[in-house]
J.: 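Here it is, the structure, as structure tokens.
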Protein chains: 2
Amino acid sequence: MAVARRMVQTRGYNGLSFRELAKEVGIKSASIHYHFPTKGDLGAALAKRYTADGQSYLNSLRQDSSDLNLWIKGYTDVFRMALVNDNRMCLCGIMAAEYDDLPPEVRTEVDGFTDLNVRWLTEVLGACRPKLNQETRESRALAIYAAVEGAQLIARGRGDISVYDKTIETYRAAGLIP
Amino acid sequence: MAVARRMVQTRGYNGLSFRELAKEVGIKSASIHYHFPTKGDLGAALAKRYTADGQSYLNSLRQDSSDLNLWIKGYTDVFRMALVNDNRMCLCGIMAAEYDDLPPEVRTEVDGFTDLNVRWLTEVLGACRPKLNQETRESRALAIYAAVEGAQLIARGRGDISVYDKTIETYRAAGLIP
DNA sequence: ACCTGAACACCGTTCAAGT
DNA sequence: ACCTGAACACCGTTCAAGT
């Protein structure tokens, strides 16, 4: 699954090949179908684990510190890290682009990742911007998530990490990100 | 090319199939290779024309009106339209997600589209925000482009146009978009 | 319980052959 | 100038067969 996740993060869901994956892990492609009957099953499992990993990372961020700025920095940094490590993308960001090709079970898990991000950001905004009402916070959370995914997408195309850094900084200067 | 562009906008570059495209336009897949020797040639031609169309649209926006707000609305609306028409994405946005799979000639054209957007937005910001220096304008332009692409990406996954509208409105309220 | 080889209908690509 | 059929090595998937 680690190998498959890396493949999807670089080449997308459509770019993931059972045969190539099999070669990499040293078995035959037919054997993978024993563990994941269809490509959709594998994709859904990848997105589910990815969301769970993200969940525990974001939770630990809030436990390890009470500095709100550090939470936000930890958030934008995890997207930054994917770019630094082999110019990869967020698994669910790249899958969102392929949404029309995704089997329903994969779509569900990709949506779950968006929900996680919006939920976490909404809670953090509750601490940063206590004056905003719940609905405004949720809209803001979704906007931040969308903007960060967009920054990652464009910076990856540019192959230039400084594009990501500059864009995030511009979001902050404009007041979108706390 | 119109059919191919629509296919890429919904399913991505990897989702574009010569055989399927051939069936749709009523010839054999081998015949397409006569006009576009490789898939990369077709992809590059699509992105090039897409950028040219975008160029003339954005130029006409500025000619038809002197209202700066209308320029920005015209800008965000063209991305909105893709979602409304069959939940499609910006051709170069979806291709950016597949960047690692793209042949070099396609990458070049995708980069050209980004350049067009940044150039146009930078000029518009020059009119809207004359106090900003050139470098700040360019960073802001890139950030706006990234944020709008991200909004489109996420809204498409949600299959809900109101998510796009709300996100754009949040960008505006936060001060990212003029 | 886990793996495999062989088959199926797909894919981009090539090329000799047709008009 | 434009199209085609047949071939090649790829793809996800299935399934009977192996341990």
Side-chain angles (χ1 to χ4, degrees), chain A residues 1-50 89 91-92 94-110, chain B residues 1-50 89 91-92 94-110:
Chain A
M1 282 186 73
V3 177
R5 195 190 64 218
R6 210 168 51 234
M7 283 180 170
V8 175
Q9 284 189 270
T10 59
R11 315 238 312 254
Y13 177 78
N14 278 326
L16 173 66
S17 151
F18 268 51
R19 286 171 143 93
E20 199 181 338
L21 174 59
K23 201 172 288 178
E24 200 106 10
V25 300
I27 56 175
K28 297 293 163 186
S29 82
S31 310
I32 297 182
H33 285 279
Y34 174 77
H35 302 279
F36 304 99
T38 68
K39 194 173 173 181
D41 291 321
L42 175 54
L46 289 173
K48 193 170 194 141
R49 177 170 293 186
Y50 190 77
M89 265 192 77
L91 183 87
C92 292
I94 199 168
M95 278 183 163
E98 307 174 283
Y99 207 76
D100 269 67
D101 278 342
L102 300 181
E105 65 271 24
V106 183
R107 292 186 183 187
T108 306
E109 298 303 331
V110 171
Chain B
M1 282 186 73
V3 177
R5 195 190 64 219
R6 211 169 49 235
M7 282 180 171
V8 175
Q9 283 188 272
T10 59
R11 316 237 312 254
Y13 177 79
N14 278 326
L16 173 65
S17 151
F18 269 50
R19 286 171 143 92
E20 199 181 337
L21 174 59
K23 202 172 287 177
E24 201 106 11
V25 299
I27 55 175
K28 297 295 163 183
S29 84
S31 310
I32 297 182
H33 284 279
Y34 174 76
H35 302 280
F36 304 99
T38 69
K39 193 173 174 181
D41 291 320
L42 175 54
L46 290 173
K48 192 169 196 142
R49 177 170 294 187
Y50 190 78
M89 264 193 78
L91 183 87
C92 292
I94 199 167
M95 276 183 164
E98 307 173 282
Y99 207 76
D100 269 67
D101 277 343
L102 300 181
E105 64 271 24
V106 182
R107 291 185 183 187
T108 305
E109 298 303 330
V110 171

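Labels below follow one simple rule: chain letters A, B, ... track the order of the sequence lines, proteins then strands, and each chain is numbered from 1.
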J.: Only pairs with both distances under 3.5 Å count, Watson-Crick or wobble alike; so what is the partner of C:dT13 in this structure?
T.: D:dA7
J.: Using Watson-Crick or G-U wobble geometry with both distances below 3.5 Å, tell me the partner of C:dG18, or none.
T.: D:dC2
J.: To the nearest Å, how far apart are A:Ile27 CD1 and D:dG12 P?
T.: 13 Å
J.: Take A:Leu21 and A:Phe18 through the test side-chain contact (heavy atoms from CB on, under 4.5 Å) and record every step on the way to the result.
T.: CA-CA 5 Å; A:Leu21 174 59; A:Phe18 268 51; 5.5 Å; no
J.: Between B:Lys39 and B:Pro103, is there a donor-acceptor pair closer than 3.5 Å when you use the side chain of the first and the backbone of the second?
T.: no
J.: Quickly work out the B:His33 NE2 to C:dG12 C1' distance and round it to whole Å.
T.: 5 Å
J.: Is A:Ser31 close enough to C:dT4 that one of its side-chain N or O atoms is under 4.0 Å from OP1 or OP2 there?
T.: yes
J.: Check whether any side-chain N or O of A:Tyr34 sits under 4.0 Å from OP1 or OP2 of C:dC2, and answer yes or no.
T.: yes
J.: Main chain of A:Tyr13, side chain of A:Glu98: is a donor-acceptor contact present, judged purely on distance under 3.5 Å?
T.: yes
J.: Nearest whole Å is fine: how far is C:dT4 P from A:Ile32 CD1?
T.: 10 Å
J.: Below 3.5 Å is the cut-off: list the nitrogen or oxygen pairs between protein and nucleotides 6-11 of chain C, distance only.
T.:
| residue | atom | partner | partner atom | Å |
| --- | --- | --- | --- | --- |
| C:dC11 | OP1 | B:Ser17 | OG | 3.0 |

J.: Nearest whole Å is fine: how far is C:dC2 P from A:His35 NE2?
T.: 6 Å
J.: Are A:Asp101 and B:Arg11 within salt-bridge range, i.e. N to O under 4.0 Å?
T.: yes
J.: Using 0.5 Å steps for rounding, measure from the CG atom of B:Leu46 to the CG atom of B:Asp41.
T.: 11.0 Å
J.: Could you grab the distance from atom CG of A:Asn14 to atom CG of B:Leu16, nearest 0.5 Å is fine?
T.: 11.0 Å
